[in-house]
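Here the structure is laid out as structure tokens; the discussion comes afterwards.
Hydrogens, waters and symmetry mates play no part in the numbers below; they use all other heavy atoms, side chains included. Below, read A as the first sequence line, B as the second, and so on, with proteins coming before strands; counting in each chain starts at 1.
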Amino acid sequence: MARGARLVTGQPDFSTAPRSGRAPAWDTLTLLLGGLLLALAAAEAWHARGEARRAGERLAGVRRDAEAASARLRALEAGARGEARGLLPAAEARPDQIVASLASALPRDVRLARLSIDYSQGGALEMHVVARNTAGWDLLLETLERARQFREVEPGPETREAEVRSVIRARWAGETP
Amino acid sequence: MALLGTRLYLAFDASGVTAAEMNEGVRGRSPRGFARAPLEPGALTPSPSGRNLLRAEAVKDAARRAVEGLGGRRVTLVLPDGLARIVLVEPPEGADPRDYVRFRLAPSLPWPVAEAIVNTLPAGRGRVVGAAVRRAAVAEYEQAAAAAGLAAERAHLAPLLALEGLLRSGARDEVHVLLGDVAVCLAAFRGAALVGLRNRRRDRSPGEESRLRDEAARAASTAGHGPALPRLVVSGSGSSGLRRALDDLAAGRRLEGPAEWPEAREAAWLGGLVS
């Protein structure tokens with residue numbers, strides 16, 4: 001015989017004081033109250049779930065708008081730089097263009113020992129140069145500062161022994177298209 | 001899980017008082033504890049109109065012994081077969097089933113109908129099992145329980161509990177013989193519906209099995225089963241011996257209490273509770 005009836009159903013009552021005439025038992029009231037609270041909690045959870053979904057959708061929309069605005073700002077800034085100077089943006093410059101520009105700026109007594117280009121920093125250049133004499137060094141700085149292709153030219157510390165060794169930092173401004 | 005708590009069922013019959021603690025939950029009932037305290041012959045005699053508890057003190061002591069160690073604040077009394085008048089009827093559409101059962105049973109009750117407690121059990125296909133008990137008889141059992149320290153919340157009838165289980169579990173084409181200590185209920189099922197019901201006093205003298213078989217055949221025939229006796233299923237008090245005597249005739253799946261308590265095997269009402 002199976003253990004456990006499938007459903008506890010109401011049974012006929014033959015007692016002399018039937019249940020319907022008595023106050024409901026506390027445990028029944030507690031069960032009903034518990035069921036009511038459970039239903040309320042479930043409804044609240046359902047409502048909160050909907051709120052969270054709507055808030056998530058709103059946040060995603062705001063993020064999309066912010067990203068679009070940021071991209072537009074970058075494009076406008078880049079365009080403004082290019083329009084103001086009539087030059088190509090640094091990110092569009094090729095290394096051979098930069099090297100060629102530098103080579104044309106180098107005086108006869110100065111050689112370029114090393115060059116690094118950082119595109120992530122807007123075309124930041126770091127030039128290790130060796131000048132045979134101070135006159136060549138001064139001429140290089142003057143030439144770079146005058147050249148339209150370079151801006152923010154900053155000479156680094158110098159060592160002056162038999163020759164001048166230094167690092168020059170500058171930013172690639174581009175070439176006239 | 002006992003989501004709805006535990007309920008103590010306290011059953012009386014001529015041979016003893018049995019108690020079963022049941023877990024009740026939304027998935028059904030499961031037994032938690034069982035105990036039986038035998039009664040001396042003559043201490044309790046189920047009767048529809050006469051006095052039932054002839055030695056009330058002995059019955060009270062048996063009830064107290066039976067519930068020792070069992071829990072369950074809510075108590076349902078299970079009244080023995082032989083106490084009620086039971087009938088299977090099909091009330092007219094729109095009629096209150098209880099009123100109709102009262103109307104049908106009133107002429108045959110051996111006590112004034114005003115003293116009757118009438119209730120019904122839905123039996124499917126528009127039929128109900130109706131039962132009437134005398135208020136004074138029920139009060140005797142309630143007083144015995146109260147004297148044993150138990151506040152009975154409800155009262156049920158052992159044969160109706162067994163029938164409930166059979167109806168719930170969908171008994172097929174079978175005649176169920178539900179045995180109490182002093183009375184027997186024969187329930188004929190066809191197509192999972194209760195189609196015939198007889199209730200009478202038991203005659204436990206030799207040859208009971210053949211008398212029951214004949215009675216079952218008549219019950220089946222009246223219920224429209226035809227000449228061949230459908231499967232006979234015997235449950236309840238003394239059913240083991242009767243099944244042996246009936247041999248393979250009584251081979252059906254029967255109502256039994258939980259197997260871990262051997263004394264519960266012949267409690268058909270308990271089988272009905274957990275089926």
Side-chain angles (χ1 to χ4, degrees), chain A residues 1-70, chain B residues 3-5 7 22-31 73-74 76-77 79 83-84 98 117-122 128-133 135-139 141-143 152-157 160-161 164-165 168-169 235 253-260 265 270-275:
Chain A
M1 184 55 62
R3 293 276 303 271
R6 282 191 296 274
L7 186 68
V8 174
T9 53
Q11 295 176 324
D13 184 11
F14 292 88
S15 60
T16 54
R19 189 180 177 79
S20 57
R22 302 171 187 170
W26 279 111
D27 48 3
T28 307
L29 282 177
T30 308
L31 185 69
L32 288 173
L33 186 63
L36 183 66
L37 288 175
L38 189 66
L40 285 174
E44 189 65 26
W46 184 258
H47 180 68
R49 186 167 167 268
E51 282 285 306
R53 194 185 68 246
R54 285 191 289 278
E57 286 167 359
R58 282 199 299 274
L59 180 62
V62 168
R63 276 190 180 140
R64 277 196 302 275
D65 291 347
E67 279 168 13
S70 178
Chain B
L3 186 65
L4 303 177
R7 181 175 284 276
M22 308 292 289
N23 288 326
E24 294 194 332
V26 289
R27 293 180 63 186
R29 300 185 186 91
S30 59
R73 285 184 300 114
R74 298 177 305 153
T76 292
L77 299 185
L79 308 177
L83 190 71
R98 277 206 286 190
I117 298 172
V118 177
N119 222 317
T120 59
L121 175 72
V128 296
V129 176
V133 289
R135 184 174 295 275
V138 178
Y141 292 93
E142 288 175 337
Q143 283 160 13
E153 196 179 69
R154 306 173 66 85
H156 209 323
L157 299 175
L160 261 60
L161 270 176
E164 254 185 11
R168 194 167 48 230
S169 59
S235 312
R253 188 164 166 261
R254 52 200 179 271
L255 285 175
E256 282 184 347
E260 61 260 48
R265 292 179 71 89
L270 187 51
L273 267 179
V274 298
S275 66

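Of all non-hydrogen atoms in A/F14 and B/V138, the two that sit nearest each other are O-CG1, 3.4 Å. Taking both residues in full, the closest heavy atoms of B/N119 and A/D13 are given as ND2-O, 2.8 Å, listed atom of the first, atom of the second, then distance. When every heavy atom of A/S15 is checked against every heavy atom of B/I117, the shortest pair comes out as O-CD1, 3.7 Å.
A donor-acceptor contact shorter than 3.5 Å is absent between the side chain of A/Q11 and the backbone of B/H156.
Contacts between B/A136 and chain A at a heavy-atom distance below 4.5 Å are absent for every atom of the residue.
Within a 6.0 Å sphere centred on CZ of A/R54, heavy atoms belonging to other residues, nucleotides or ligands number more than 12.
Among B/V133, B/V118, B/L157, B/L79, the residue making the largest number of heavy-atom pairs under 4.5 Å with chain A is B/L157.
For B/T76, the side-chain hydrogen bond (donor to acceptor under 3.5 Å, both in side chains) partners at least two apart in sequence or on another chain are B/R7.
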